Amino acid sequence: MAKAKANRSEKIQAERALEKNYVTKNDLKLDSDTSKVQIAVFKLSKAGGLIESGYLALAAEELGKGTWEADVASLGTSEAKANPAAFLAAASDLKKACTGGDAAKAKKAYVTAAKALEAFAKSSKTADSLKLL
């Protein structure tokens, strides 16, 4: 059990390093709020590619990795006062659709999540600084 916990901890740390590397490599490190939204864009984009390729289980797994959802949720309490609840609900629905194995539902849920993320980015005034939105 201890070994499983240690492996899980290592995977979380590796995912955080990957997310930070992505933000830094693409010159996206502007401020804390923008980088959190950019990581959400990265996660959604990666999941979208997996969904398009038919790898629904991998897309659900990708969306479940890391702390990006908690990071985005924390933005609702920041100065921006933009509420990420609609996007987080859409992302949760996307994970469920991917786990369910229905490609058509997953694609529809992806579009809904992408639109919700775009609306949140605009309301939090981070949209102009994001790539791949």
Side-chain angles (χ1 to χ4, degrees):
M1 186 67 145
K3 185 176 181 179
K5 286 182 182 180
N7 286 341
R8 176 70 179 139
S9 178
E10 288 176 19
K11 285 181 182 181
I12 290 172
Q13 292 300 324
E15 183 66 23
R16 283 185 183 165
L18 177 67
E19 291 168 354
K20 288 179 183 179
N21 184 33
Y22 172 79
V23 169
T24 303
K25 181 178 101 180
N26 292 301
D27 296 325
L28 301 172
K29 191 165 183 141
L30 300 172
D31 61 39
S32 178
D33 290 354
T34 303
S35 66
K36 289 175 184 178
V37 177
Q38 183 63 58
I39 290 171
V41 170
F42 170 69
K43 287 290 192 177
L44 201 61
S45 175
K46 193 167 182 182
L50 291 168
I51 291 168
E52 189 63 31
S53 298
Y55 300 114
L56 300 180
L58 289 175
E61 183 181 327
E62 181 61 36
L63 290 169
K65 289 181 183 176
T67 61
W68 68 274
E69 290 173 294
D71 293 342
V72 170
S74 72
L75 295 177
T77 59
S78 70
E79 294 176 15
K81 300 291 185 196
N83 191 345
F87 165 64
L88 292 172
S92 177
D93 290 344
L94 176 57
K95 275 194 278 189
K96 288 177 188 172
C98 289
T99 303
D102 186 345
K105 284 184 181 179
K107 288 178 181 180
K108 186 175 179 180
Y110 175 80
V111 170
T112 302
K115 287 180 181 179
L117 177 56
E118 183 177 19
F120 172 67
K122 287 179 181 177
S123 68
S124 65
K125 298 181 180 24
T126 58
D128 293 337
S129 303
L130 300 174
K131 292 185 181 181
L132 300 175
L133 183 63

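Heavy atoms only: backbone and side chains are in, while hydrogens, waters and symmetry mates are out. This structure is a prediction, so every number in the text was calculated from the model and none was measured. Throughout, residue positions are numbered sequentially from 1 according to the sequence presented.
- Scored by the side-chain contact (heavy atoms from CB on, under 4.5 Å) test, A106 finds I51, L56, A97, C98 as partners (sequence neighbours excluded).
- Hydrophobic clustering, with ILVMFWY side chains joined whenever heavy atoms are under 4.5 angstrom apart, groups V37 together with L88.
- Scanning all heavy atoms of the two residues, the minimum distance from F120 to V72 falls at CE2-CG1, 4.2 Å.
- Taking OG1 of T112 as the start and NZ of K107 as the end, the distance is 14.5 Å to the nearest 0.5 Å.
- A distance of 9.5 Å separates NZ of K108 from NZ of K105, quoted to the nearest 0.5 Å.
- Within the structure, the side-chain hydrogen bond (donor to acceptor under 3.5 Å, both in side chains) test picks out the following pairs touching residues 86-95 (sequence neighbours left out): E69-K95.
- In the hydrophobic clustering, V111 connects to no other residue, as no ILVMFWY side-chain heavy atoms lie under 4.5 Å from its own.
- For A113, the side-chain contact (heavy atoms from CB on, under 4.5 Å) partners two or more places apart in sequence, or in a different chain, are L44, A90, L94.
- The backbone N or O of V41 sits nowhere less than 3.5 Å from a side-chain atom of S45 that would complete a donor-acceptor pair.
- Scanning for side-chain contact (heavy atoms from CB on, under 4.5 Å) contacts around E15 gives L18, E19, K43, E62, K65, with sequence neighbours left out.
- Residues that satisfy the side-chain contact (heavy atoms from CB on, under 4.5 Å) test with T67, not counting sequence neighbours, are R16, D71.
- Hydrophobic clustering of Ile, Leu, Val, Met, Phe, Trp and Tyr side chains at less than 4.5 Å, counting indirect connections, unites I39 with L75.
- How far OG of S123 is from CZ of F87: 12.0 Å, rounded to the nearest 0.5 Å.
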